[in-house]
Amino acid sequence: MSATADSRRRVRVAPANPEAAAVLTSWAEQGDSLLDVAELDLSHADLSGLDLAVGLLTGTVLRGARLIGTDLYRAHMEGAVLEGADLSRACLTKAILDEADLRGAVFVEANLGSAELYGVDARAASFRGARLNGASFLDARLDGADLAGASVRETSLKAVLDDRTRVEGLTGTVFGPARLEGNGPPRELSGLALEEWLNSRGATVQVLDSRTSGTAGNVRNRPFPPAGTPSTTPTSTSSAR
């Protein structure tokens with residue numbers, strides 16, 4: 001194994017969970033295996049800089065973990081718990097994070113291009129300076145999240161926002177509708193109303209007409225479920241890609 005490859009498998013701080021630590025040790029000793037830590041507890045581990053591309057982290061608990069600069073390209077992270085985790089500068093291009101817990105997670109300058117984020121809870125998460133081009137925030141919670149300085153391009157923003165959601169310096173194009181919650185009853189914002197709401201808070205964003213976006217536009221056009229009812233997450237189509 002080359003020194004370069006070895007450095008991409010060197011775990012800085014192993015998790016306290018013995019089973020998870022053993023799996024990581026075994027993976028690090030093999031030069032050609034994919035990581036499979038589905039449903040394991042890797043809380044507070046330091047996996048910064050590792051090559052976890054296409055890894056299986058479905059339901060993995062990564063609460064408070066460090067994944068700074070980690071390669072999670074096309075990783076399966078459905079239902080993962082990333083509460084308070086640091087994924088600054090990580091690559092999450094085409095990663096699948098459906099229904100993941102991202103509360104308070106840090107994605108500063110991370111790349112989430114074309115990532116699937118159906119039903120994620122990203123309250124108070126930081127996407128400051130992140131690349132969110134083509135990402136799908138569908139039925140997601142972004143209330144209290146920080147999107148300042150992030151870039152979007154044909155990004156689905158069918159998400160809950162509130163007055164604490166920071167959008168100054170957010171640039172590009174998005175699809176709505178979004179739901180604004182806070183004081184008073186929730187209200188849906190789409191088209192020019194969503195565009196004006198974002199840009200009045202320092203963004204430079206154009207809201208696109210989903211009717212011009214083909215099949216994806218039809219998905220984005222689904223109505224929000226009534227307040228207080230659980231959202232239904234569409235089945236991931238990633239296996240067909």
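Here the structure is a predicted model, which means the values were calculated and not measured.
For the residue pair Leu67 and Ala90, the shortest heavy atom distance occurs at O-CB, 3.7 Å. Of all non-hydrogen atoms in Ala178 and Leu161, the two that sit nearest each other are CB-CD1, 3.8 Å. The two residues Ala122 and Ala145 make their nearest non-hydrogen contact at O-CB, 3.7 Å. Taking each heavy atom of Asp41 and Ser43 in turn, the nearest pair found is OD1-OG, 2.6 Å. Closest non-hydrogen pair, Leu208 versus Glu154, comes out as CD1-CG, 3.8 Å. Minimum interatomic distance between Ala135 and Leu112 (heavy atoms only, all atoms of both residues): CB-O, 3.6 Å.
Taken together through direct or relayed side-chain contacts under 4.5 Å among Ile, Leu, Val, Met, Phe, Trp and Tyr, Val108 and Leu72 form parts of separate hydrophobic clusters. Transitive grouping of hydrophobic side chains (ILVMFWY, heavy atoms separated by less than 4.5 Å) keeps Val106 and Leu97 in distinct clusters. Under the 4.5 Å side-chain heavy-atom criterion for grouping Ile, Leu, Val, Met, Phe, Trp and Tyr, Val61 is not connected to Leu50 through any hydrophobic cluster. Hydrophobic clustering (side-chain heavy atoms under 4.5 Å, transitive across Ile, Leu, Val, Met, Phe, Trp, Tyr) keeps Leu42 apart from Val81.
Residue Glu19 qualifies as open at atom CD: its count of foreign heavy atoms under 6.0 Å is 12 or below.
Looking at Ser114, its side chain never comes within 3.5 Å of a backbone N or O of Thr93 through a donor-acceptor pair. The main-chain N or O of Ile68 is found under 3.5 Å from a side-chain atom of Ser48 such that the two form a donor-acceptor pair. Judged by distance alone, with hydrogens and angles left aside, the side-chain atoms of Asp162 form a donor-acceptor pair with the main-chain N or O of Gly144 at under 3.5 Å. Proximity of a side-chain donor or acceptor of Arg8 to a complementary backbone N or O of Gly49 within less than 3.5 Å is detected. Remark: the backbone N or O of Trp197 is paired with a side-chain donor or acceptor of Ser200 at under 3.5 angstrom. In this structure, the side chain of Ser26 does not engage the main chain of Ala22 through any donor-acceptor pair within 3.5 Å.
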key: Verdict with reasoning, Arg166 to Arg128, per side chain to side chain contact (heavy atoms under 4.5 Å, CB included)   = CA-CA 9 Å; Arg166 301 188 62 176; Arg128 182 173 285 266; 3.4 Å; yes

ask   = Given Val205 and Asn199, is the side chain to side chain contact (heavy atoms under 4.5 Å, CB included) satisfied, shown in steps?
value = CA-CA 6 Å; Val205 168; Asn199 293 345; 3.8 Å; yes

Please tabulate, one pair per line, all N/O donor-acceptor pairs under 3.5 Å involving side-chain atoms of residues 51-59, not counting sequence neighbours.
{"unit_1": "Asp51", "atom_1": "OD1", "unit_2": "Ala53", "atom_2": "N", "d": "3.2"}
{"unit_1": "Thr58", "atom_1": "OG1", "unit_2": "Glu78", "atom_2": "OE1", "d": "3.2"}

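Residue Trp27 holds its CH2 atom at 5.0 Å from CZ of Arg9, rounded to the nearest 0.5 Å. Interatomic distance, Arg153 CZ to Asn133 CG, rounded to the nearest 0.5 Å: 4.0 Å. The structure places CZ of Phe175 at 11.5 Å from CG of Leu157, a figure rounded to the nearest 0.5 Å. Rounded to the nearest 0.5 Å, atoms CZ (Arg123) and CG (Asp143) are 6.0 Å apart. Separating the OG atom in Ser156 from the CD atom in Glu116 is a distance of 10.5 Å, to the nearest 0.5 Å. The CG atom of Leu117 sits 8.5 Å away from the CG atom of Leu142 when rounded to the nearest 0.5 Å.
A side chain to side chain contact (heavy atoms under 4.5 Å, CB included) with Leu87 holds for exactly one of Leu92, Leu47, Leu62; it is Leu92. Of the residues listed (Leu147, Thr204, Val167, Val152), the one engaging Leu198 in a side chain to side chain contact (heavy atoms under 4.5 Å, CB included) is Val167, and it is the only one.
For the salt bridge (Lys or Arg N to Asp or Glu O under 4.0 Å) condition, the pairs that include at least one residue of residues 52-63, sequence neighbours left out, are Arg63-Glu83.
Side chains of Asp163 and Arg201 form a contact here, defined as non-hydrogen atoms less than 4.5 Å apart.
Taking the six-membered ring where tryptophan is involved, the planes of Phe107 and Phe127 are essentially parallel, since the angle between them stays under 30° and well short of 60°.
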